Amino acid sequence: MLIVKYMFQPHGDERGQLIALEEYKDIPFQIKRVYYMYETGEGVRRGFHAHKKLKQILICVHGSCKIHLDNGEEQKEVILEKPYEGLYIDNNMWREMYDFSPDAVLMVLASEVYDESDYIRNYDEFLKFVKNK
Ligand code: TYD
C-alpha cells in the first residue's frame, strides 16, 4: 500500500512559520470542505469508515495523532505530528484515527461536501465494496 505524505513548504522567517495550501497546486483536488477535530478525549478512536468517492488530506496542525489505514488487503499506521505534513487518503480506504494528544487539532481538507451516502461505515460492507472493484 502506497502511503502518500505531503511535506508542505513552510514560509519561515524570524517571525515564525506560515504554510499556504492551494487547491490543485499543493492539494491534488478542489477543496470543497474543511473540518477539524479538537479536544478529542483520551483513548478515543474515531473514523471507522471509508468513502466511495471523497478524497482528503489530513493535517495535524497542532499536537499529534495516529491514523490506521486499510485498503481491504493491507493495513498501515501513520503518525501525524508536524503541521507541515499532510496525509493523502484516497477513496475506498478504511480509516481510524486514535492516540490523539490532548492538544491535537486534526484538520481535514476534503474533495466533496458532506454527503452521508458517500460513507461506508460497515467494515464487512467495505471489504465487499473493494473486492468488487
Ligand atoms: P463523524 O462522521 O462521526 O466523524 P468521524 O467519522 O470522524 O468519527 O462525524 C461527527 C458528526 O459531525 C456527525 O454528526 C456528522 C457531523 N459532520 C458534519 O455535519 N459535517 C462534516 O463534514 C463531518 C465530517 C461531520
Side-chain angles (χ1 to χ4, degrees):
M1 187 200 305
L2 185 67
I3 300 292
V4 180
K5 220 187 211 188
Y6 286 84
M7 293 293 167
F8 304 122
Q9 181 63 56
H11 301 279
D13 58 27
E14 64 288 349
R15 297 169 298 172
Q17 303 293 336
L18 183 154
I19 288 180
L21 302 173
E22 292 187 20
E23 57 193 14
Y24 298 129
K25 188 175 150 206
D26 311 282
I27 304 298
F29 49 75
Q30 186 188 13
I31 302 164
K32 291 205 184 151
R33 178 166 52 115
V34 177
Y35 61 94
Y36 41 95
M37 282 154 259
Y38 60 100
E39 293 180 3
T40 308
E42 205 188 329
V44 165
R45 198 169 174 107
R46 61 185 304 169
F48 297 98
H49 66 258
H51 287 280
K52 296 175 194 162
K53 184 169 164 219
L54 175 142
K55 300 164 193 309
Q56 54 190 206
I57 289 201
L58 273 60
I59 306 166
C60 198
V61 290
H62 195 251
S64 64
C65 68
K66 291 181 187 154
I67 320 293
H68 166 86
L69 293 175
D70 181 341
N71 64 4
E73 286 181 351
E74 263 185 278
Q75 287 99 34
K76 287 237 164 103
E77 176 185 276
V78 181
I79 301 173
L80 289 178
E81 54 187 354
K82 299 287 180 199
Y84 52 78
E85 337 176 282
L87 174 66
Y88 176 75
I89 306 185
D90 219 335
N91 56 328
N92 302 326
M93 184 74 80
W94 187 266
R95 90 288 314 273
E96 295 169 20
M97 294 85 87
Y98 58 104
D99 274 3
F100 288 83
S101 61
D103 58 350
V105 181
L106 179 62
M107 184 170 77
V108 181
L109 311 180
S111 67
E112 307 296 334
V113 296
Y114 183 69
D115 173 11
E116 191 55 41
S117 71
D118 188 60
Y119 279 73
I120 307 171
R121 292 192 183 270
N122 177 286
Y123 186 70
D124 291 332
E125 229 174 83
F126 163 70
L127 288 181
K128 270 187 223 149
F129 190 81
V130 290
K131 274 172 189 147
N132 289 328
K133 287 269 136 205

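Since we're looking at a predicted model, the values are computed, not measured. Remember, it's 1-based here, ligands and their atoms both numbered in the order they're listed. Keep in mind that the numbers below use all heavy atoms, side chains included, and drop hydrogens, waters and symmetry copies. Nothing fancy with the numbering, it's 1 onward along the sequence.
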With a 3.5 Å cut-off and sequence neighbours excluded, list the donor-acceptor pairs that the side chains of residues 63-75 form with protein atoms.
unit_1: Lys66; atom_1: NZ; unit_2: Asp99; atom_2: OD2; d: 2.8
unit_1: Asp70; atom_1: OD1; unit_2: Gly72; atom_2: N; d: 2.7
unit_1: Asp70; atom_1: OD2; unit_2: Gln75; atom_2: NE2; d: 3.2
unit_1: Asp70; atom_1: OD2; unit_2: Tyr123; atom_2: OH; d: 2.5
unit_1: Asn71; atom_1: OD1; unit_2: Glu73; atom_2: N; d: 2.9
unit_1: Asn71; atom_1: OD1; unit_2: Glu74; atom_2: N; d: 2.8
unit_1: Glu74; atom_1: OE1; unit_2: Met1; atom_2: N; d: 2.5
unit_1: Glu74; atom_1: OE2; unit_2: Met1; atom_2: N; d: 3.1

Q) Are more than 12 heavy atoms from other residues, nucleotides or ligands located less than 6.0 Å from atom NZ of Lys53? A) no
Output a table of donor-acceptor pairs, distance under 3.5 Å, between side-chain atoms of residues 43-51 and any protein atom two or more places apart or on a different chain; print 'none' if there are none.
unit_1: Arg45; atom_1: NE; unit_2: Glu96; atom_2: OE1; d: 2.8
unit_1: Arg45; atom_1: NH2; unit_2: Glu96; atom_2: OE1; d: 2.9
unit_1: His49; atom_1: ND1; unit_2: Gly47; atom_2: O; d: 3.0
unit_1: His49; atom_1: NE2; unit_2: His51; atom_2: NE2; d: 3.3
unit_1: His51; atom_1: ND1; unit_2: Asp118; atom_2: OD2; d: 3.0

Under 3.5 Å, sequence neighbours excluded: what are the donor-acceptor pairs made by side chains of residues 21-32?
unit_1: Glu23; atom_1: OE1; unit_2: Ile31; atom_2: N; d: 3.0
unit_1: Asp26; atom_1: OD2; unit_2: Glu22; atom_2: N; d: 2.8

**Q.** Short side-chain donor-acceptor distance under 3.5 Å, Asn91 and Lys55
**A.** yes
Q: For residues Leu80 and Glu85, report the shortest heavy-atom separation together with the two atoms involved.
A: CA-OE1, 3.5 Å
Q. When you look for protein heavy atoms under 4.0 Å from ligand 1, which residues do they belong to?
A. Arg33, Tyr35, Arg46, Gly47, His49, Met97, Tyr114, Tyr119, Arg121
